[in-house]
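Some notes on the structure that comes next.
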Amino acid sequence: MSRTLWIILAVIGVAAILLMINHESGTTLGFLNEDFAGLIWLGVLAAVIGAGLLRSGHRFGEMARSFGLWALIVLALVAGYQYRYELQDFGNRVTAGLIPGSPLMLGTEDGRATVALDKGRGGHFEVRMAINGAPVQAIVDTGATTTVLSAEDARAAGFDPQSLNYTVRVSTANGTASAAAVRADEIVVGNISRRNMPVLVAAPGALRQSLLGMNFIGSLSGFDVRGDRMVLRD
């Protein structure tokens, strides 16, 4: 075993002992334990890369370029980890722009899951939810007492529109229509989930787009509208 490897193992061992000794105090050699551990990790990584470059036999200029490339890769990984939440938010924004109704932002607030939605092109808040695992594009309708599925979305969610009894009268944008009462095993909006919820299935041809109604929204701890954004709180 080479001398360099022994030195690296010794450094790791000493660092681990120091971290264990200073576990209660939270600091090691003036650094927070987390920062000290990260510093040791970066030092070991740099030592391993440097040793590999020196043993490769390449000229100094080539080694410097290789070392610089590895340093950039390490910095990119560290930066990506530090800004992971911002990158996730950016990805959600891009997805929301490409797929209307996709949750714009997933997070927590006071320990509760939150979902942010933007207005769609028609001026309504749209949501891409999942009912019984099937994706459903719906309009958030605070005037609808119950979540209402179009016949097409109901079929995708596992209901058979042809076998239902349409005995419930509902008001839609196209007027009054008949609907059938069923229960959804699960309704999921972003990172908010509700199980065994009553929903209505509109008669075939009576509803063009499904509606997310107050039976789901009313089960939340709260929601508010800030301009073109709606925030749902579990």
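Predicted model, so just to flag it, every value in this text is computed and none were measured.
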> Can you check whether L207's main-chain N or O pairs, donor with acceptor, with S150's side chain at less than 3.5 Å?
Replying inline: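 Looks like no, no N/O pair under 3.5 Å.
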> Quick check: does any side chain N or O of T147 sit under 3.5 Å from a backbone N or O of G213, one acting as donor and the other as acceptor?
Replying inline: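 Yes: the side chain of T147 pairs with the backbone of G213.
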Heavy-atom pair with the smallest gap, counting every atom of [X] and [Y]:
{"X": "P161", "Y": "Y166", "result": "O-OH, 2.6 Å"}
{"X": "S210", "Y": "L149", "result": "OG-CA, 3.4 Å"}
{"X": "T146", "Y": "P198", "result": "CG2-O, 3.6 Å"}
{"X": "V201", "Y": "A151", "result": "CG1-CA, 4.5 Å"}
{"X": "A180", "Y": "N165", "result": "CB-O, 3.2 Å"}

For a 4.5 angstrom cut-off between non-hydrogen side-chain atoms, does [X] reach [Y]?
{"X": "F125", "Y": "L212", "value": "no"}
{"X": "V127", "Y": "V115", "value": "no"}
{"X": "R233", "Y": "L220", "value": "no"}

When rounded to the nearest 0.5 angstrom, what distance separates [atom1] in [X] from [atom2] in [Y]?
{"X": "I139", "Y": "R208", "atom1": "CD1", "atom2": "CZ", "answer": "9.5 Å"}
{"X": "D153", "Y": "I131", "atom1": "CG", "atom2": "CD1", "answer": "7.5 Å"}
{"X": "T145", "Y": "L211", "atom1": "OG1", "atom2": "CG", "answer": "11.0 Å"}
{"X": "R195", "Y": "D185", "atom1": "CZ", "atom2": "CG", "answer": "7.0 Å"}
{"X": "E126", "Y": "L117", "atom1": "CD", "atom2": "CG", "answer": "10.0 Å"}
{"X": "I192", "Y": "F216", "atom1": "CD1", "atom2": "CZ", "answer": "6.0 Å"}

> Transitively linked via ILVMFWY side-chain contacts under 4.5 Å: V182 with V188?
Replying inline: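 V182 and V188: separate clusters.
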> Would I187 and V199 satisfy side-chain contact (heavy atoms from CB on, under 4.5 Å), going step by step from the backbone distance to the final call?
Replying inline: CA-CA 10 Å; I187 299 178; V199 299; 3.9 Å; yes
> When you look at CG of D224, are more than 12 heavy atoms from neighbouring residues, nucleotides or ligands closer to it than 6.0 Å?
Replying inline: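 Check passes, neighbour count above 12.
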> With sequence neighbours excluded, what pairs up with R194 under the salt bridge (charged side-chain N to carboxylate O under 4.0 Å, His left out) test?
Replying inline: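 D234.
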